[in-house]
Amino acid sequence: MTTVELSGVEGGDISVAAAISDRMFPLGTHTKPLSTIDEDDSSLSSTATDIFDSNDALTKGQWAYDSKGTWRRYGSSESATSTGISSICSSVLADKPDDQGIFVSMSKKRMADGSMKQNNSTPDIKPEDSPAPVTSTEITITAPLSESRSPAQKRRGRPPKDKTTIIPPAGKARRASMISKLQDRVRPRSSLPAQLPKDVFASECIEAAQASRLDPYALHIGEHQLLSELLMHTEVTIYLNIRNAILRLWQQNPLCSITVEEAAGCAREGRFFGLAEVAYKWLVRNGYINFGCVEVPQDELSLRRNTKQKTIVVIGAGVSGLSSARQLDGLFAQNSEHWTDAGERPPQIIVLEGRKRIGGRVYSKPLRSQVDGSLPGNLRNTAEMGAMIVTGFDHGNPLNTVIRGQLGLRYHLMTDALTIYDTDGQAVEEKTDQINTELYTDISDRAGDFRAEPQKFNTLKGDEELIDRARDPIVGGFSGFQLEPLFPVDNAKHRKPVLKRGRRRNAPPGTEKLTGRSRVIEESDAAQSAARAAKTMGWQLKDGVAKNQSISLRETARAKQHPTLGKVMDEAIEQYQDIVDLTPQDMRLLNWHHANLEYANAAPVSWLSLSGHDQDTGNEFEGAHSEIVGGYTQLPRGLMNLPTKLDVRFDHSVDSIHYNVSQDPALTTKVVCTNGEVFEADEVVLTTPLGVLKADAIDFDPPLPGWKQGAIDRMGFGLLNKLVLLYDKPFWDDSRDMFGLLNEADYHDSLDPAHYAKNRGRFYLIWNASKTSGRPMLVALMAGHSAHEAEKMDTDTLLGEVNHRLRKTFSDAEIPAPTEVIVTRWKRDPFTRGTYSYVAPETRAGDYDLMAESVGNLHFAGEATCGTHPATVHGAFLSGLRVGADVMEALTGPIILPNPLVGPSPIKAESSVQYHLPAISTAAYRPAIPSTQMVSGATMSGSITVGEPVINVKQEQDLADPHNAPSLSATTTKPPPLAKQPSGPPRNSVCAADQSFWLQSAAFESSDLDYEANIIAAILVALGDRPIKPSRPGVNPFLLFTKAKWEECRLHCAALASSTSSNKSSSASDGKEAIRGTIGKWWKALSAEEKEPFLLQGRQAQEVADQARREYEEGALKWDEGARRIRREFMVEHPPPAGSGGVGGKRKTNTSASVVLDYA
Ligand SMILES: Cc1cc2nc3c(=O)[nH]c(=O)nc-3n(C[C@H](O)[C@H](O)[C@H](O)COP(=O)(O)OP(=O)(O)OC[C@H]3O[C@@H](n4cnc5c(N)ncnc54)[C@H](O)[C@@H]3O)c2cc1C
């Protein structure tokens, strides 16, 4: 650690420090004199205390102060402003080495209900072993640009290709479909819990989908693109049921990855294994399952270590960089065959990090003074320099899986109790606080009228009622389903409402993402006149104000090409001043809310886009906000270390990237670091913050295309700073998690909103961080313009100011001197240059998506590439998962769909396929029962002897019923070849089009069939027919509605058609389609009340059907038991003939489709 100059105060000068100490705390209240004033020269970039996060010994930093106190980049002409963090401490203790690594023991056996057999579901937390040395020997590092490792010469153009490292791909065929393998190994339904009531199971599946940010009732846009052309409507429901059931397994125990066999076991029938395979592959690739700190299923690698291997370079070891590296590591392991088939090792991943620590903007800085035992589990005392709050674990936060499910980190659930103190130190009255909050919400709603409409994606939906009951439709069994409209669903409608549209108290739109509020207030109605709204809130209207007097923001909103939120909201405040008397305190309160918004967006409200500042609204998670006990850094540390340590190279600041935009194999992609090291890569993932990109800190060769650079330029990258104060004892209400402070305007008691902009963010919110740091600690926020001021102000001045405010607010208490003080200055930090992204006035809708787009083999991740959850840790994490899929796609191409995707329907005599089998001699066991009981709808009549019997071959044991059994014949004839008479695969469905799917005559010997026929005859004689599976009720509410409205709708459509000439020529089938479509729309437009009679009838029919189904299941169970017993007895009494393939008692299957001959 070096002591450096700080704002005129000589570091290490005890006397100056003492003088400052005395000046600021004249009452001598501080318990320990400040012994030194240290400026942590390593800034937010790193500290010597972070060595525990390193893989290897620290090397010389590539950034250094120059004589003018600015950061200068080694080997570069560019410079950055000085340090990002300063700290003053009075008690400096040696930092303990890392002692909180997390060890998670993982079990492999998952039960169908999602629980684990002999599973240690709570992660053990045990001291981490000392960091492993870098062992990788396969890393391709070319020689430094200059042998002597002199500063890297800035150079343009692409480094020459290193021929020795590029070997053309072996060109082996891609991995074949897994489905054929599954047929032999997996029983359908084996992952579905038999004991769990259906409705409980269904709701667990639905919740699992929601917890994965997926619509349980509709395809994700990615699934839609993959499958929409291939699935029949009924198959969409089946697919969704399978996909939701897989997610259920994962959500119930993310300590254990899901295997493809488990996924296949989520299908109810073997012919849907193809759907299960697609769901599995899609969920894995896109990071919905098997992500985070979990061991994944992988094949043994038997290849020699020097075998060819691709290299992926990830730049940045923040949460997005680590999550993408971790995700790629898992994807490569799960898809290792792709490379091993081609004689390669799966790619290696190298993470290059400019700092000496991981985490980036997640940085829990260890306090200099550590108190043993102040936190459970030997956790260290830390202060959060960057991210601090997990904004709710529920409803889709992926960090729930990692933080709670895998790492088992301790966390503190925050409460939303908040007292706001005015400038005189008095607490603001609750009523005043409330009506100002409501007024602010009303104003923000009115400004919200100018919001851009969010983009919508409509995708195919499944049958909600069936999914709600975890049931699959019967394919081909119920024509009503085919009547249902095939138009995509509006997904937004199905999204579980996250919040009522009313806002969390004190939290206008968007702010929930970072603040800890959870109280919901009633929605204010922006359509109401302003006067009426104000009155409803409890404001006293000014004399002479009419009830319908309102405010108009249109002119301000339209005045500029790029209007700002701040301008319009301030206009609204001014216009409200004509309606109600706003006092200076009201103005301070309204500006406190502005400050809160400025915190959430890291920018003054006057810098925010009016139309798009809260473009991510609606994606908020649910549940109380929380903080990680012992520091948020445990998350990136877990991502780096578990289940195996990632190869992170610290102190590797990237200077230039020479990437391959044309996919020209003659060009090599190289990543050049400021220390002269060059990494050759096949794919590059860049996760540096938007601030770094905006500052042109990295050279791109070729330069980034205009569309990418345009998005970088248009988007905003904001600032928030913190002042951390550590005390010996708390003097505040330690049960509270936060309190607010109002700030004075530039001019005392001004009523002009503009006069509040500069100061309103100064310490406007102070967090009590004692619960998570283990020590009495306050964290004061500096938002909006104050965040920028903090970059220029020295630490002493800031400390003096905050102390002044605290003394006023807690006047009764003795306020001691803080024992440690830390100030963040994120803008100065060369590796961030700000805090997080925001939607600036010039930002266009879709710019976040452009940020996420790859350019050739250069891929992008980071919070600023996640439009749904920007500016957050979970957004960064999600971007890492997304880029994992991008890189996989680049390396291996799109997901390969199994063929067939869906097997053929169960064969019914009356419907689809009949196999004409030879007549079989069964004289000895001819049952004296009418044949109609044996073969429904078949050609038998009167007796068991049938000239040309029909065998109906079923795929699944549990679907088989006696009328599908091989029928018996008195005479043996030469078997004719099996003749397939399928009705053909359904339109738009990848069905069993190839011969291998169908029963092959060669697979069966006639002796087997004779013997089997005898067994069956014995069974039928003893037990009679197996109960017949009841048909479905056939009264779906929509079908009932269709029937009721068909005529009316037909007339309606006819009238419509005759009024438009173009429709006159349309065919009858077009007409039916039009009627169906229109009825579908009518149905969609019905209110819940109007639908109720149809729903009721549907429910009643369902109840009857359920009862019949239960009876059938009981009867069939009994029958099957009896049949098994008789079969055993028969086989003992009559051993199978020699040479028999063993049909009796054994399954004989066609390997490609599991065609099952026996059923008992
Ligand atoms: C003060 C503050 C408070 C916040 N509060 C919250 C909160 O309460 N909750 C929340 O969810 N989010 C919060 N955030 C946002 C959250 O921290 C970020 O969105 C998230 O951590 C960003 O992760 P990232 O991987 O995208 O970027 P980063 O974490 O910045 O990672 C990028 C990495 O790239 C490295 N790098 C940069 N340049 C180079 C280079 N040239 N060569 C090599 N490496 C380089 C950096 O050192 C860094 O490690 C806060 C952020 C800040 C700063």
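In each ligand, atom 1 is the first atom listed, and ligand 1 is the first ligand listed. The first residue in the sequence is number 1, and the count goes up from there.
The closest approach between a heavy atom of Leu352 and any atom of ligand 1 is below 4.0 Å. Ligand 1 does not have Arg357 within reach: every non-hydrogen atom of the residue lies 4.0 Å or more from it. Between Ser879 and ligand 1 there is no heavy-atom distance shorter than 4.0 Å. Distances from ligand 1 to the non-hydrogen atoms of Ala697 include no value under 4.0 Å. Residue contacts with ligand 1: Gly875 is excluded, as none of its non-hydrogen atoms falls under 4.0 Å.
Considering backbone and side-chain N/O of Met388, one or more are found under 3.5 Å from N/O of ligand 1. Between Glu863 and ligand 1, at least one pair of N/O atoms sits closer than 3.5 Å. Ligand 1 has a nitrogen or oxygen under 3.5 angstrom from a nitrogen or oxygen of Arg361. For ligand 1, one of its N or O atoms has an N or O atom of Glu353 under 3.5 Å away. Polar contact with ligand 1: present for Val873 (N/O pair, distance under 3.5 Å). At least one N/O-N/O distance between Gly354 and ligand 1 falls below 3.5 Å. By the 3.5 Å distance cut-off applied to N or O atoms, Val654 is counted among the residues near ligand 1. Below 3.5 Å of separation, one finds an N or O of Thr872 facing an N or O of ligand 1.
If you number the atoms of ligand 1 from 1 as listed, the ones under 4.0 Å from a heavy atom of Gly318 come out as 25 (O), 29 (O), 31 (O), 33 (C), 49 (O). If you number the atoms of ligand 1 from 1 as listed, the ones under 4.0 Å from a heavy atom of Ile698 come out as 41 (N). Counting atoms of ligand 1 from 1 in the listed order, those under 4.0 Å from a heavy atom of His652 are 42 (N), 43 (C). Those atoms of ligand 1 with a heavy atom of Gly862 less than 4.0 angstrom away are 26 (O). Those atoms of ligand 1 that come under 4.0 Å of a heavy atom in Val362, given as number and element, are 21 (O). Within ligand 1, counting atoms from 1 as listed, the ones closer than 4.0 Å to a heavy atom of Arg355 are 46 (C), 47 (O), 48 (C), 49 (O). In summary, the atoms of ligand 1 found under 4.0 Å from a heavy atom of Gly316, numbered by their order in the structure, are 33 (C), 34 (O), 35 (C). Each of the atoms 32 (C) of ligand 1 lies under 4.0 Å from some heavy atom of Thr687.
Of the candidates Leu686, Ile389, Ile657, it is Ile389 that places a heavy atom closest to atom 9 (N) of ligand 1. The residue among Pro636, Ala387, Ser656 with a heavy atom at the shortest distance from atom 5 (N) of ligand 1 is Ala387. Taking only non-hydrogen atoms, the option from Thr688, Thr865, Val314, Val671 nearest to atom 45 (C) of ligand 1 is Thr688.
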Begin with the C-alpha distance, continue with both residues' side-chain angles, and end with the deciding distance and a verdict on side-chain contact (heavy atoms from CB on, under 4.5 Å) for Glu598 and Tyr764.
CA-CA 11 Å; Glu598 293 175 340; Tyr764 90 97; over 6 Å; no
Evaluation steps, side-chain contact (heavy atoms from CB on, under 4.5 Å), between Ser786 and Phe763:
CA-CA 9 Å; Ser786 297; Phe763 318 129; over 6 Å; no
When you look at Glu863 and Arg361, which way does the salt bridge (Lys or Arg N to Asp or Glu O under 4.0 Å) test go after all the steps?
CA-CA 10 Å; Glu863 58 82 14; Arg361 282 168 274 174; 3.0 Å; yes
Given the rule in the side-chain contact (heavy atoms from CB on, under 4.5 Å) test, do Met777 and Trp767 qualify, once you have shown the distances and angles that lead to the verdict?
CA-CA 8 Å; Met777 182 189 284; Trp767 301 107; over 6 Å; no
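In this structure, the separation between CD on Glu620 and CG on Asp394 is 14.0 Å, given to the nearest 0.5 Å. For the atom pair OG1 (Thr415) and CG (Asp737), the distance works out to 4.0 Å, reported to the nearest 0.5 Å. Rounded to the nearest 0.5 Å, atoms OH (Tyr632) and OG (Ser364) are 10.0 Å apart. Rounding to the nearest 0.5 angstrom, the gap separating the CG atom in Leu693 from the CZ atom in Phe700 is 5.5 Å. Going from atom CD1 of Ile628 over to atom OG1 of Thr633 covers 10.5 Å, rounded to the nearest 0.5 Å.
Both cation-pi conditions hold for Arg357 and Tyr363: the charged atom is under 6.0 angstrom from the six-membered ring centre and inside a 45 degree cone around its axis. For the pair Arg404 and Phe393, the cation-pi criterion (under 6.0 Å, within 45° of the ring axis) is fulfilled.
Salt bridge annotation for Arg762-Glu801: present, with a cationic side-chain nitrogen under 4.0 angstrom from a carboxylate oxygen.
Both the backbone and the side chain of Phe831 come within contact range of ligand 1, each with a heavy atom under 4.0 Å. Only the side chain of Ile315 comes within 4.0 Å of ligand 1, judged by heavy-atom distances.
Taking every heavy atom of both residues into account, Met715 and Tyr848 meet most closely at CE-CE2, 3.4 Å.
Applying the side chain to side chain donor-acceptor pair (under 3.5 Å) test to Asp713 and every residue at least two apart in sequence or in another chain returns Gln709. With sequence neighbours left out, the side chain to side chain donor-acceptor pair (under 3.5 Å) criterion links Thr865 to Arg882.
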